[in-house]
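First the proteins, then the strands, lettered A, B, ... as listed; each starts at 1.
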2 protein chains.
Amino acid sequence: MASIKKNSTNNINKEIIIARCSEAYAMDMIGTRWKLSVFYQLKHGPMRFSALRDSIGNVTDRMLTLHLREMERDGLVIRTVYPEVPARVEYSLTESAVELQPVWEYLRAWGKRHMDRQQGLTPAPLHDTLD
Amino acid sequence: MASIKKNSTNNINKEIIIARCSEAYAMDMIGTRWKLSVFYQLKHGPMRFSALRDSIGNVTDRMLTLHLREMERDGLVIRTVYPEVPARVEYSLTESAVELQPVWEYLRAWGKRHMDRQQGLTPAPLHDTLD
DNA sequence: ATGCTTACTTACATTTTTGTTAGTTCCTTA
DNA sequence: TAAGGAACTAACAAAAATGTAAGTAAGCAT
């Protein structure tokens, strides 16, 4: 998120998948840590930076900024600066972002169903756990 | 994916989000590099490990194994071993995984629309790029 | 006994994402 | 002149995901 090495195998694989698969393109754009929270908070209208940060909780300024910047670049949020003092900056969802709503709803329902199905039959953890 | 530190801030944040938000739970389970490709390939029926690897292309044995193991643990794929020689192992989608199909379809359409909207108006890259 | 194939595993290296801490800038009010 | 709040940015550190290269087990054919 801070700097990317264009010709790493990692990045090349990512771009190959994205190029041939719009689902992957979409997933890549919406799948990182704080983006879902941003969608969720902005669902009912614009919010300023600090309100967003406080209502999400647990995000640092830096993390929120990084994710918002990516979302802005990707056409998912709009950033509006009001020339007041102290500064007021509001974020809102774009048309495209609003159109993702059905996905969240479906995934929410699916998630609940699946979680229930998995109850009780969850096997041992897959990875080593330190601590 | 190899080892996770239970009480890192990173992991704790992740678990907080997952705990209060089934969409996040779902996204967490389906959002890593090769999983979408696995869903896609297995859509029409079971496949053996090598076929999966070859049809995805660009995956290494290790990466494919890791992702399949997670998906198995998470109730998304079923692993069936046929006691032949050389070994034959087939992977297939679970009910739950099949029920994700609408999501892929929606995201595919959304991805295309959004990609078009973004055409031409793509600003400069967000991050530094080395090389 | 050796080689062959499939489906892995191991040990290690690199890249990417996430987090920590401490600034900075702008203008305003005390 | 100093303090203050909002919205950041910079430098650095840690954790997690991904990739590379080589090796392993099982057992049949040679």
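Each of B:Asn11 and B:Phe49 was matched to the nucleotide of DNA chain C holding its nearest heavy atom; the match closer to the 5' end belongs to B:Phe49. Both B:Met63 and A:Ala51 sit near DNA chain D, but only A:Ala51 has its closest nucleotide nearer the 5' end.
The NZ atom of A:Lys14 sits 10 Å away from the C1' atom of C:dT17 (whole-angstrom rounding). Straight-line distance from the CG atom of B:Leu36 to the P atom of D:dT18: 13 Å, rounded to whole Å. Per the geometry, CG belonging to B:Asn7 stands 9 Å off P belonging to D:dA15, to the nearest Å. We find that CD of B:Glu15 is positioned 14 Å from C1' of D:dA15, with the value rounded to whole Å. Here the P atom of nucleotide C:dA7 and the CG atom of B:Leu52 are 10 Å apart, to the nearest Å. One atom, CG of A:Leu64, and another, C1' of D:dT9, lie 14 Å apart when rounded to the nearest Å. The distance between atom CZ of A:Arg53 and atom P of D:dG5, rounded to the nearest whole Å, is 12 Å. Computed from coordinates, the B:Glu84 CD to D:dG27 C1' distance equals 13 Å when rounded to whole Å.
Among the nucleotides D:dT18, D:dA16, D:dC8, the one closest to any side-chain atom of B:Lys5 is D:dA16. Considering only side-chain atoms of B:Thr9, the nucleotide from D:dA7, C:dA7, C:dT20 that sits closest is C:dT20. The side chain of B:Ile4 sits closest to D:dA16 out of D:dA7, D:dA16, C:dG19. When distances are taken from the side chain of B:Asp61 to each of D:dG19, C:dT15, C:dA7, the shortest belongs to C:dA7. Counting only heavy atoms from C-beta on, A:Ser8 has its side chain closest to C:dT15 among C:dA7, C:dT15, C:dG19. Considering only side-chain atoms of A:Asn10, the nucleotide from C:dC27, C:dA7, C:dT15 that sits closest is C:dT15. Ranking D:dC8, C:dT18, C:dT16 by closeness to the A:Arg69 side chain, first place goes to D:dC8. The A:Pro86 side chain lies nearest to D:dG5 when the options are C:dT16, D:dG5, C:dA7. When the nucleotides D:dC28, D:dT20, C:dG19 are ranked by their closest atom to the side chain of A:Arg33, C:dG19 comes out on top. Each of D:dT18, C:dT18, C:dG19 was ranked by its minimum atom distance to the side chain of A:Trp34; first place goes to C:dG19.
A sub-4.0 Å separation between OP1 or OP2 of D:dA6 and a side-chain N or O of A:Tyr91 is absent. For A:Asn13, a side-chain nitrogen or oxygen approaches OP1 or OP2 of D:dG19 to under 4.0 Å. OP1 or OP2 of C:dA7 sits under 4.0 Å from a side-chain N or O of B:Ser50. Listed pair B:His67 / D:dT18 meets the phosphate criterion, a side-chain N or O lying under 4.0 Å from OP1 or OP2. Under 4.0 angstrom from either OP1 or OP2 of C:dT5 there lies no side-chain N or O belonging to B:Arg48.
Residue A:Tyr40 places its OH atom among 12 or fewer non-hydrogen atoms of other residues, nucleotides or ligands, all under 6.0 Å distant.
Residues A:Leu36 and A:Ile30 form no side-chain contact, since every pair of their non-hydrogen atoms from C-beta on lies 4.5 Å or further apart. Contact annotation: the side chain of B:Phe39 never approaches that of B:Lys43 to less than 4.5 Å [non-hydrogen atoms, C-beta and beyond].
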**Asked** Would B:Glu99 and A:Arg113 count as a salt bridge (charged side-chain N to carboxylate O under 4.0 Å, His left out) if you check the C-alpha gap in whole Å, the side-chain angles of each, and the deciding distance to 0.1 Å?
**Response** CA-CA 10 Å; B:Glu99 289 173 10; A:Arg113 271 204 313 283; 2.8 Å; yes

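Interface remark: the A:Arg62 side chain does form a donor-acceptor pair with the C:dT20 base, using a distance-only criterion of under 3.5 Å.
As judged by a 4.0 angstrom heavy-atom cut-off over every strand, A:Tyr82 is placed among residues making no nucleic acid contact. The residue B:Thr60 sits close to a base: some heavy atom pair falls under 4.0 Å.
Salt bridge A:Glu70/A:Lys35: present, at least one basic N to carboxylate O contact under 4.0 Å.
A donor atom on one side chain and an acceptor atom on the other are not found under 3.5 Å apart for B:Glu90 and B:Thr80. There is a side-chain donor-acceptor pair under 3.5 Å between A:Arg117 and B:Ser96.
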